[in-house]
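In the text below, chain A, chain B and the rest are named by the order of the sequence lines, each starting its count at 1. Worth knowing before you read on, the calculation uses all heavy atoms, side chains too, and leaves out hydrogens, waters and symmetry mates.
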Amino acid sequence: MSEELPEHQQFLNPEQFKAVTQTDGAMLILAGAGSGKTRVLTRRIAQLLYNGTDPKAILAVTFTNKAASEMKERVEELVGEAGKKVWVSTFHSSCCRILRQDIEHLGYTQRFSIYDDDDQKRIVRGLLDELNIDRKAHPPKSFLSQIDFHKNRGRGPDEVLKEHRGHDVQTLLRVWRRYEESLLAADALDFNDLIGKVVILFRDHPEVRQKWQERFEYVLVDEYQDTNRLQYALLRVLAEPQRNIAVVGDDDQSIYGFRGADITNILSFEKDYTEANVIRLERNYRSTPNILAVSNALVAKNKGRMEKRLWTEGDPGSKVRMVRRANARDEAEWVADAAQLMQRRGAEWEDIAVIYRTNATSRVFEQAMQRRAIPYRIVGGRKFYARREVRDILCYLRQLTNPADDAAFLRVCNVPTRGIGSKGLADLRKEASTRGEPLLNVAKGMTSGSPRARKAIGAYAELIESLTKWSHELTPAELVARVIKETGYQGMLSAEKTRESEGRLENLNQLCMDAASFEHPDPHANDFETLAGWLDSVALTGQDEQIPDGGMLTLMTVHNSKGLEYPIVFVVHMMEKQFPHARSLDEDGGVEEERRLAYVAFTRAKLQLIITYNVIGPSNDYGGRGGPTDPAEPSRFLFGLPDECLEGDLPDVEPHAAQLKALAVRKKTIHDQKLQAFLERQKENAAVEVEEPDDLRLIEVESSDQISVGVRVHHPRFGVGTVRMVRGRGPIAQVFVAFAGGRTKSVRLGDPSLQLVMD
DNA sequence: CCATACGCTGGTCCT
DNA sequence: CAGCGTATGG
């Protein structure tokens, strides 16, 4: 029979088949963990195209960029070119695209900036000074989290005023209103505005609303359980008038409560779309029965959840293992040992994931991996773009696309130092706020303040002005290079002449290359539009470092693990106050959300799940092995699980060698291709550095301080190479080196064969 | 008035 | 560790 079916309809169970082929009308797909929800979504898109739907009329929204790019990839695999025209993106980037076209109705320009939390803080800080509010007693962050809280739920100051009274609210509202004014004046949106402004745009401008409603005939939503009120409002409008909306979600995997995710949106959906078809995908294809039984038992303890029976069949698999160690370090050592053992017995590194609740936990585990030279990667996203030098340069660029961007101005106007100090800035701000103009405007012809400050600030304005001219004539990459030079940033760093400053320079180099490789979705875009597009993508994605995931073990937070799966999963630091996190304990429903988080973590595992904890406490996050904190108790989530599926405390671990082998063979080809591409790219860099002098002056590398990106090293087997990346600190840091001929190797720093090349 | 050095403190999760 | 506030020196 399958021969007569088109490819995208093959190999589906009856429920999945229905979810794929009934394309019209509203549909609620309740999809348990591992029940093939991505498969269903991608194939549903394929089905739509198969039916002759215009790809441009399809909008698919996901929550994370990773999920979006993965889905896009899979759709293209299924349907080829047409897949490229489908909008598959996160809520935030879809909204950003809409606003870049139509925001002018709301008094912003198309060149608006996107503010991250750092920018937000900078603005609020200034506001508090202006309003004479004590920053110590009321930290900017507390205002911001309240503002975000309400915005996430689609409320504005007026609504909040109606609901609450009291002086606290009065101050909040004062700050909030000024905050909104400042953003409007700065032509900037925060993350919530990206969604919120679209909702307002559609509410107040019917002709715009209609345009987009007509454009999107079909709306699909992934991870629906994580939508907040605001996002739901947006979806409702977009799906009209056809009401062809399909949402896929699992109430047990709702883990974004802190961002306003509201599970009751699932109930609202059934109420608002009474015609909706409800389909349940309850068969799990991912995990072994033992893993599933433990996960089910865990999440069953939650009160407010929809009845769902997740089942699977086949060999029960190995039991879920629990391991207790004396302290964080021992725990990490054990995990690293176990991982190494598994790898020796046939598992690939990329089959293994270590999942934790908080980012800070990664460090101990990183160190343990480094000691054994286990290649690993951290899925954390932010890293590169969070670097100070990178963010500084981005702020310069933002001022070129948006001269009103005050947060960017404030961040970099004195980096490197140009004689603009706090007094001069204060005068400037005062003048700007009385004139109601952006800082940069006022800076050009400042009338207040001392002559010296005026001169310094005026010079800065001129600098930006001259760079702005360039922004229309240069490609983004050329422009970035120019900015780095003209602003004196390069000079500042090269004058420092430390390993660190050289590393920063290398990062900026990387930033240029990154800009060069950015492709604007619209091939006709000019340089300026390409720059703006690149800045958007940087702001919205945080973008992962370009390391292929082949050949490495993965470390990540639970939130980052959502939607992924691994044959072997370690869930670590399962202790009270960590998991559930201390901060969740006094929140309403906090512990239930933590339990869902644990459920998500557990259900990432396909073959083997290992849960570890220790009795001393979490690692002391930074630097120091800072000793025991509070004695820790095992997480409450480890109790009341089915005994027959568990085994305890034995450090030797038996992997399913045969199954892992089979998996490895299949995956290897894919990974090899990715790795190949990576190496190709590296080759271009390495080609420059092939010459290898006869008499090398070499000295032994003793600590990571001597090594940084760009430094040349020598290895007896591979010759001279350039350091591309350094992971971790101290004598056991892991170093990725590009050797001549395009080979990139990961070397352990302590490896005595690795030596520093002296010039 | 500005730049720099240094000590203190805080702290989920993510777009 | 980083970002902030304070103390000190140009």
For a quick check of understanding: with a heavy-atom distance under 4.0 Å over all strands, which category does [X] fall into, base, sugar-phosphate or nothing?
X: A:Arg596; answer: nothing
X: A:Phe63; answer: sugar-phosphate
X: A:Asn359; answer: sugar-phosphate
X: A:Ile420; answer: sugar-phosphate
X: A:Asp116; answer: nothing

Quick one: [X] [atom1] to [N] [atom2], roughly how many Å, whole number?
X: A:Asp129; N: C:dG5; atom1: CG; atom2: P; result: 9 Å
X: A:Met492; N: B:dA3; atom1: CE; atom2: C1'; result: 14 Å
X: A:Leu144; N: B:dT15; atom1: CG; atom2: C1'; result: 15 Å
X: A:Phe579; N: B:dC13; atom1: CZ; atom2: P; result: 12 Å
X: A:Met575; N: B:dT12; atom1: CE; atom2: P; result: 15 Å
X: A:Leu555; N: B:dC13; atom1: CG; atom2: P; result: 15 Å
X: A:Glu576; N: B:dT12; atom1: CD; atom2: P; result: 18 Å
X: A:Arg125; N: C:dG5; atom1: CZ; atom2: C1'; result: 11 Å

Kindly give the heavy-atom pair with the smallest separation between [X] and [Y], and that separation in Å.
X: A:Phe579; Y: A:His573; result: CB-O, 4.0 Å
X: A:Lys562; Y: A:Arg604; result: C-NH1, 4.3 Å
X: A:Leu238; Y: A:Leu59; result: CD1-CD2, 3.7 Å

A:Ser93 vs A:Gly419, nearer the 5' end of DNA chain B by closest nucleotide: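 It is A:Gly419, whose closest nucleotide lies nearer the 5' terminus.
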
Using heavy atoms to find the nearest nucleotide of DNA chain B for A:Thr90 and A:Lys141 separately, return the residue whose nucleotide is more 5′.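 It is A:Lys141, whose closest nucleotide lies nearer the 5' terminus.
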
Let me confirm one number: the CG-CG distance from A:Asp251 to A:Asn302, rounded to the nearest 0.5 Å.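 Rounded to the nearest 0.5 Å, the CG-CG separation comes to 9.5 Å.
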
Under 4.0 angstrom between A:Asn560 side-chain N/O and B:dC14 OP1 or OP2: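 Yes.
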
Any A:Thr557 side-chain N or O less than 4.0 Å from OP1/OP2 of B:dC14: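 So the side chain of A:Thr557 is within the cut-off, an N or O lying under 4.0 Å from OP1 or OP2 of B:dC14.
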
Could you list the residues that satisfy side-chain hydrogen bond (donor to acceptor under 3.5 Å, both in side chains) with A:Arg153, not counting sequence neighbours?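 Applying side-chain hydrogen bond (donor to acceptor under 3.5 Å, both in side chains) to A:Arg153 gives none.
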
[options]: which one has an atom nearest the side-chain heavy atoms of [X]?
X: A:Ser422; options: B:dC2, B:dT12, B:dC14; value: B:dC2
X: A:Phe191; options: B:dT15, B:dT4, B:dC13; value: B:dT15
X: A:Asn414; options: B:dC2, B:dT12, B:dA3; value: B:dA3
X: A:Thr64; options: B:dT12, B:dT15, B:dC1; value: B:dT15
X: A:Thr358; options: B:dT15, B:dT12, B:dA3; value: B:dT12

Between A:Glu594 and A:Arg636, does a salt bridge (Lys or Arg N to Asp or Glu O under 4.0 Å) hold up when you go through it step by step? CA-CA 11 Å; A:Glu594 296 286 310; A:Arg636 66 189 72 182; over 6 Å; no

In this structure, is the centre-to-centre distance between the rings of A:Tyr460 and A:Phe409 below 6.0 Å?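 Yes, close enough.
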
Positions of residues 255-264 of chain A (non-hydrogen atom under 4.0 Å from DNA chain B), listed by number: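 Only A:Tyr256, A:Phe258, A:Arg259 qualify.
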
Less than 4.0 Å between a side-chain N and a carboxylate O, is that true for A:Arg125 and A:Asp129?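 A salt bridge is absent here (no side-chain N lies under 4.0 Å from a carboxylate O).
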
